[in-house]
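Just below is one structure, and these are the notes that go with it.
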Amino acid sequence: MDVLYFAWVRERIGIPKEKIDTEAATVADLVRELVAREERYAAAFADLSALRVALDQELSGFDAPLTGVREVAFFPPMTGG
Amino acid sequence: MDVLYFAWVRERIGIPKEKIDTEAATVADLVRELVAREERYAAAFADLSALRVALDQELSGFDAPLTGVREVAFFPPMTGG
Amino acid sequence: MRVSVQEEPFDLGAEANRFAEGDTGSGAIVTFTGVVRDLAQGNLDVMEIEHYPGMTEKAIAAIADDARQRWSLADVLVIHRYGQLAPGDRIMMVATAARHRKDAFEAAEFLMDYLKSRAPFWKKEISGEGSDWVAAKDEDEAALDRW
Amino acid sequence: MRVSVQEEPFDLGAEANRFAEGDTGSGAIVTFTGVVRDLAQGNLDVMEIEHYPGMTEKAIAAIADDARQRWSLADVLVIHRYGQLAPGDRIMMVATAARHRKDAFEAAEFLMDYLKSRAPFWKKEISGEGSDWVAAKDEDEAALDRW
């Protein structure tokens with residue numbers, strides 16, 4: 001699965017995108033896996049209330065299942081306009 | 001005093017402007033004077049609720065005094081924009 | 001602030017650019033442009049706009065001043081035409097510049113609501129079937145209540 | 001309807017004219033333009049706008065579709081830039097065309113409110129003193145409640 005990071009999430013993790021093989025059932029499970037990996041992930045995911053997630057380019061929630069999902073993106077609240 | 005007419009008020013009365021010597025104390029008095037003059041004035045002023053009045057280029061009311069006023073204008077509700 | 005009551009057409013794009021360029025500290029620019037609509041039967045030949053020279057400019061300036069009292073605006077533009085217009089012609093435009101979008105939007109709506117019912121313009125529609133003065137709408141008068 | 005997510009500058013006036021010309025039956029055209037504001041200290045060098053290619057276009061199209069469901073609109077335009085911008089540069093614009101001014105105004109405000117908080121853009125302010133990601137404002141999230 002492709003995992004994308006934007007804005008300061010990208011900066012903390014240090015890369016814009018990576019491929020991840022995971023058995024995680026939900027977004028929250030995937031976050032737990034990442035946080036366990038390395039300090040930079042723990043830093044990026046320290047406060048989930050400051051983060052948003054999109055599944056296959058649709059805004060979603062952290063309790064959403066990952067079944068069939070090909071692209072997950074993590075980013076801070078959007079500031080367009 | 002200059003009396004001006006706009007839109008269908010102008011069309012009914014047949015002129016855009018005239019000078020009128022009057023002792024009328026209020027707009028309503030002036031209207032009564034005009035209505036008594038000729039049928040075309042009576043036709044124009046038949047329904048005062050369909051008319052607006054401006055005194056010296058400021059929207060006003062039919063009970064307003066004419067003291068010191070130099071220009072009176074009668075017209076239908078405005079349709080700008 | 002600029003108010004123009006004019007017979008000549010105006011160029012929406014040129015006016016919008018000029019308005020936006022004059023402005024420095026604003027984050028938000030709103031424009032409204034009014035266009036002559038055809039009649040339901042599609043046979044409008046001319047829309048004739050009459051106004052009250054002298055009062056028109058004063059009334060618009062007073063409305064714009066009022067808007068500047070109510071909202072924090074960097075600049076205001078009002079252009080309104082009179083004379084003979086055809087379907088598709090642009091009748092008028094307002095533009096507002098403000099630090100925040102809410103001020104720019106609300107002030108532009110306020111200007112439009114007041115220009116509709118408080119600026120001395122009258123519209124006459126001339127078609128193959130005759131001519132009719134456009135009647136003021138109750139909803140336009142009611143729109144003033146929200147301010 | 002046209003949605004453009006682009007790095008290049010756009011010409012507000014040219015876009016406004018093109019939008020207004022395309023339109024026939026509408027009496028009302030509203031545009032909103034967002035401009036890069038300088039920092040309070042007046043030392044903003046660059047505003048960098050990052051976005052999520054692919055999702056951005058889809059999110060904006062969905063917001064515009066939603067607006068067309070809610071209001072009676074003849075046309076909608078959304079242009080949003082990304083990349084490096086300077087103070088005074090125009091970031092984005094929306095335009096709406098409708099038969100009635102209320103629809104055009106409300107739809108433009110709706111588009112802006114949703115673009116602010118639901119289109120995947122992120123702004124970073126780079127000044128002599130360093131760089132900061134612009135934080136989302138509670139009031140921008142709250143603005144969605146009215147729709």
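Here the structure is a predicted model, which is why all the values come from computation and not from measurement. In the text below, chain A, chain B and the rest are named by the order of the sequence lines, each starting its count at 1. Computed over heavy atoms, backbone and side chain alike; hydrogens, waters and symmetry mates excluded.
Within a 6.0 Å radius of CG in D/D145, more than 12 heavy atoms belonging to other residues, nucleotides or ligands are found. Remark: A/R70 CZ is loosely packed, at most 12 non-hydrogen atoms of other residues, nucleotides or ligands lying under 6.0 Å away. More than 12 heavy atoms of other residues, nucleotides or ligands lie within 6.0 Å of CD in D/E8, so this atom counts as buried by the packing criterion.
Of the listed residues (D/E48, D/H80, D/M112), the greatest number of heavy-atom pairs within a distance under 4.5 Å of chain A belongs to D/H80. With chain A as partner, the option from D/A62, D/A135, D/A119 having the largest number of non-hydrogen pairs under 4.5 angstrom is D/A119. Of all the listed residues (A/A54, A/A7, A/P16), the one sharing the greatest number of non-hydrogen pairs under 4.5 Å with chain D is A/A7. Top candidate by heavy-atom pairs under 4.5 Å with chain A, chosen from D/K123, D/K124, D/M92, D/K137, is D/K123.
Among residues at least two apart or in separate chains, ring-ring contact (aromatic ring centres under 6.0 Å, His included) pairs with a member in residues 34-64 of chain D are A/F6-D/Y52, D/H51-D/Y82, D/H51-D/F121.
For the pair D/W122 and A/P76, the minimum side-chain heavy-atom distance is below 4.5 Å.
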**OP:** Would you please test D/K116 and A/T79 for side chain to side chain contact (heavy atoms under 4.5 Å, CB included) and show each step?
**Re:** CA-CA 5 Å; D/K116 277 270 165 195; A/T79 54; over 6 Å; no
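In this structure, CD on A/E11 lies 6.5 Å from OG on D/S131, to the nearest 0.5 angstrom. In this structure, CE in D/M55 is found 4.0 Å from CG in A/L59, a value given to the nearest 0.5 Å. Note: A/M78 CE to D/D140 CG = 12.0 Å, rounded to the nearest 0.5 Å.
For D/R81, no part lies near chain A; criterion is any non-hydrogen pair under 4.5 Å.
The pair D/E50-A/R10 meets the salt-bridge criterion, since a charged nitrogen lies less than 4.0 angstrom from a carboxylate oxygen.
Listed by chain and number, the residues in a side-chain hydrogen bond (donor to acceptor under 3.5 Å, both in side chains) with D/E57 amount to none (sequence neighbours excluded).
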